[in-house]
Amino acid sequence: MEVKKSEKANLENKKLFYRELGLIVALLVVLAAFEWKSSEKTESVIQQEEAAPIEVEQVPVTTEAPPPPPEAPKVPQLSDMIEVVDDDIVVDTDLFISLEDDADMGVEIMDYVAEVYEEEIVEEAVPYLAVEEKPTFNGGDPNVEFQKWVYQNITYPEVARENGISGRVFLQFTIEADGSITNVKVLRGVDPSLDQAAVDIVKRSPKWTPGRQRDKAVKVTFNFPIVFQLRN
């Protein structure tokens, strides 16, 4: 049996119409929602905090009592009665002092002699680089001439030689105003045997020509290294 379709009962013909109608209704609902205004009144209320009452301590007023007035001085009472006392005190009336010379009462007067102390004037040594006219050794520069004399006369300690000890010993000594050598000391040593050998050779030094400051011979401090080196 063939199914017949009626054009009026076919819903596909009105499908586009209902779709457009639905869109129009939805659009109207959206516009109505945007246009809808709700006015709500908000009242701002400022709440005032009640301050807690502060209890004020009532301090009683005190008044300082005035000090009592000073007592009036007592009036001395006079008495007519006089007490008689026996006078038994013996008074020495011999107050005469002899004015004659007495050897025991004399005071020896001596002439004052001021004691004279001799003030010892200590002259400080002048550093080698600061002296005006530097000291010399054998008429030449001590860094050359004195070094030459030391290496010609020094003896290498046998103990240091056996133990293979070598190094540089730094000495400091003072060249006195008369050219002699004093105050020899080791500034930096290597070994006790080498240090002592260096001190001994410097103490054996002949006299130098002293340095001069303002045309006067002065003491000068001098630093000098001695190198001990073993040779194969």
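Two residues are said to be in side-chain contact when any heavy atoms from C-beta on lie closer than 4.5 Å; Phe222 and Pro127 fail this criterion. Side-chain contact between Arg212 and Glu132 is absent, with no heavy-atom pair separated by less than 4.5 Å. Here the side chains of Tyr156 and Ser166 are in contact, with some heavy-atom distance below 4.5 Å. In this structure the side chain of Pro157 reaches within 4.5 angstrom of the side chain of Phe228, judged on heavy atoms. Counting heavy atoms from C-beta on, the side chains of Asn223 and Leu171 never come closer than 4.5 Å. When side chains are defined from C-beta on, Val144 does not count as touching Phe137, because their heavy atoms never get closer than 4.5 Å.
Evaluation of the side chain to side chain donor-acceptor pair (under 3.5 Å) rule for Lys216 yields Glu123 as partners, not counting sequence neighbours. Annotation: side chain to side chain donor-acceptor pair (under 3.5 Å) contacts of Asn138 (sequence neighbours excluded): none. By the side chain to side chain donor-acceptor pair (under 3.5 Å) test, Trp149 is found to be paired with no residue, residues two or more places apart in sequence or in another chain being considered.
Val184 and Leu187 sit in two unconnected hydrophobic clusters of ILVMFWY residues. Membership requires side-chain heavy atoms under 4.5 Å apart, directly or through other members. Note: the hydrophobic cluster containing Phe170 does not contain Val186 (ILVMFWY, side chain heavy atoms under 4.5 Å, direct or indirect links). Val220 and Leu129 fall within the same hydrophobic cluster, defined by Ile, Leu, Val, Met, Phe, Trp and Tyr side-chain heavy atoms under 4.5 Å apart, directly or through other members.
Applying the 6.0 Å contact sphere to CG of Asp215 captures no more than 12 heavy atoms from other residues, nucleotides or ligands. Surrounding CD of Glu158 are more than 12 heavy atoms belonging to other residues, nucleotides or ligands, all under 6.0 Å away.
The shortest heavy-atom contact between Pro142 and Phe224 is O-CE1, 4.3 Å.
To the nearest 0.5 Å, atoms CD (Gln213) and NZ (Lys219) are separated by 14.0 Å. Going from atom CZ of Arg161 over to atom CG of Leu230 covers 6.5 Å, rounded to the nearest 0.5 Å. From Lys148, atom NZ reaches atom CG of Asn153 across 12.5 Å, with rounding to the nearest 0.5 Å.
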**Report entry** Steps toward side chain to side chain contact (heavy atoms under 4.5 Å, CB included) verdict (Ile226, Val150)
**Finding:** CA-CA 8 Å; Ile226 298 179; Val150 167; 4.0 Å; yes
Donor-acceptor list for residues 191-201 side chains, cut-off 3.5 Å, not counting sequence neighbours:
residue: Asp191; atom: OD2; partner: Ser193; partner atom: N; Å: 3.1
residue: Asp191; atom: OD2; partner: Ser193; partner atom: OG; Å: 2.4
residue: Asp195; atom: OD1; partner: Val190; partner atom: N; Å: 3.0
residue: Gln196; atom: NE2; partner: Asp200; partner atom: OD1; Å: 2.9

Which donor-acceptor pairs under 3.5 Å do side chains of residues 173-183 form with protein atoms, sequence neighbours excluded?
residue: Glu176; atom: OE2; partner: Thr182; partner atom: OG1; Å: 2.5
residue: Asp178; atom: OD1; partner: Ser180; partner atom: N; Å: 3.2
residue: Asp178; atom: OD1; partner: Ser180; partner atom: OG; Å: 2.8

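Connectivity analysis of hydrophobic side chains (ILVMFWY, heavy atoms under 4.5 Å, direct or indirect) links Val159 to nothing; its cluster partners are none.
Ring geometry, Trp208 versus Phe146: the interplanar angle falls from 30° to 60°, so the pair is classed tilted.
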